[in-house]
Amino acid sequence: MADGGVSTYIMLISALLISSSASAVLIQEWSSASRVVQQQQRGLQLSEELSIDFAGDPMNVNIDRVPTPDEITLYALNTGEHPMDRTQIEILIDGAIIPSSGVTTTVVGGGTDWNPDGLLSIVLSDTAFNTYSDNDDISIFLTAMSESVSGMTGGASFGLEVRLNG
């Protein structure tokens with residue numbers, strides 16, 4: 001009887017140690033999973049708070065034929081709640097990527113930060129523009145990244161068809 005009781009206690013203590021170890025692992029994994037979910041929720045919230053839009057008359061976008069190559073000037077408005085990075089933009093004209101060397105951005109009104117409600121002037125220069133004529137319709141797609149917000153960045157974009165006028 002004495003031997004059976006000791007082995008039962010050993011088994012009970014072993015079971016308690018194993019179950020507490022398993023519980024510690026499960027708690028740690030649950031904590032990691034909840035952190036990931038929380039970070040994803042912050043990312044979704046940031047995405048909802050970022051927005052840019054075309055500013056100006058889409059039927060009267062300026063194409064300047066004096067410089068070589070021709071230049072197209074666009075305006076984008078930061079309609080979101082956070083600053084956007086004016087150096088981190090990509091622009092497609094009729095599906096073709098405009099190289100960053102052909103993109104010049106300037107915050108209208110001065111300054112260097114493209115803050116909420118801020119207007120950004122974008123001058124595009126590319127030899128492909130030399131083939132465009134007045135009243136040509138072109139497709140524009142612009143995407144921009146935000147400045148870092150609580151260690152996270154996100155993007156916003158717009159696309160539309162505009163008409164060129166010199």
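Residues: numbered from 1 along the sequence shown.
- Sorted by first and then second residue, the pairs that involve residues 33-48 and meet side-chain hydrogen bond (donor to acceptor under 3.5 Å, both in side chains), not counting sequence neighbours, are Ser31-Arg35, Ser32-Arg35, Gln45-Glu49.
- Under a 3.5 Å cut-off, the side chain of Ser146 and the backbone N or O of Gly154 do form a donor-acceptor pair.
- Cluster partners of Val36, using a side-chain heavy-atom cutoff of under 4.5 Å among ILVMFWY residues and allowing indirect links: none.
- Grouping Ile, Leu, Val, Met, Phe, Trp and Tyr by side-chain contacts under 4.5 Å, direct or through others, leaves Ile18 on its own.
- Val123 and Leu142 end up in different hydrophobic clusters when Ile, Leu, Val, Met, Phe, Trp and Tyr side chains are linked at under 4.5 Å.
- Contact check for Ile72 versus Ile138: side-chain heavy atoms found under the 4.5 Å cut-off.
- Evaluation of the side-chain hydrogen bond (donor to acceptor under 3.5 Å, both in side chains) test over residues 51-73, restricted to residues two or more places apart or in two chains, returns Ser51-Thr79, Asn60-Asn165, Arg65-Asp70, Arg65-Asp134.
- When hydrophobic clusters are built by joining Ile, Leu, Val, Met, Phe, Trp and Tyr residues whose side-chain heavy atoms come closer than 4.5 Å, directly or via intermediates, Val103 is grouped together with Ile52.
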Could you check Ile93 against Ile91 for side-chain contact (heavy atoms from CB on, under 4.5 Å), going step by step and ending with a plain yes or no?
CA-CA 7 Å; Ile93 302 291; Ile91 301 171; 4.1 Å; yes

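- Clustering of Ile, Leu, Val, Met, Phe, Trp and Tyr side chains at separations under 4.5 Å places Phe141 together with Leu92, Ile97.
- The line from CG of Leu44 to CG of Leu46 is 9.5 Å long, rounded to the nearest 0.5 Å.
- In this structure, the separation between CD1 on Ile13 and CG on Leu17 is 7.5 Å, given to the nearest 0.5 Å.
- Within the structure, salt bridge (charged side-chain N to carboxylate O under 4.0 Å, His left out) contacts touching residues 136-151 (residues at least two apart or in different chains) are Asp137-Arg163.
- Counting side-chain heavy-atom gaps under 4.5 Å among Ile, Leu, Val, Met, Phe, Trp and Tyr, the cluster of Val108 also holds Tyr75, Leu77, Leu119.
- At least one side-chain heavy atom of Arg86 sits less than 4.5 Å from a side-chain heavy atom of Val107.
- Applying the side-chain hydrogen bond (donor to acceptor under 3.5 Å, both in side chains) test to residues at least two apart or on different chains, none of the pairs has a partner in residues 111-131.
- To the nearest 0.5 Å, the span separating CG on Asn135 from CG on Leu164 amounts to 9.0 Å.
- Within the structure, the side-chain hydrogen bond (donor to acceptor under 3.5 Å, both in side chains) test picks out the following pairs touching residues 88-99 (sequence neighbours left out): Asp94-Tyr132.
- Criterion: ILVMFWY side-chain heavy atoms under 4.5 Å apart, direct or through other members. Under it, Leu160 and Met84 are part of a common hydrophobic cluster.
- If you chain together hydrophobic residues whose side chains sit under 4.5 Å apart, Ile89 and Phe54 fall into the same group.
- Residues that satisfy the side-chain contact (heavy atoms from CB on, under 4.5 Å) test with Ser148, not counting sequence neighbours, are Thr153.
- Thr87 is linked by a side-chain hydrogen bond (donor to acceptor under 3.5 Å, both in side chains) to Asp85, counting only residues two or more places apart in sequence or in another chain.
- Annotation for Leu50 and Gly155: closest pair CD1-N, 3.8 Å, computed over non-hydrogen atoms.
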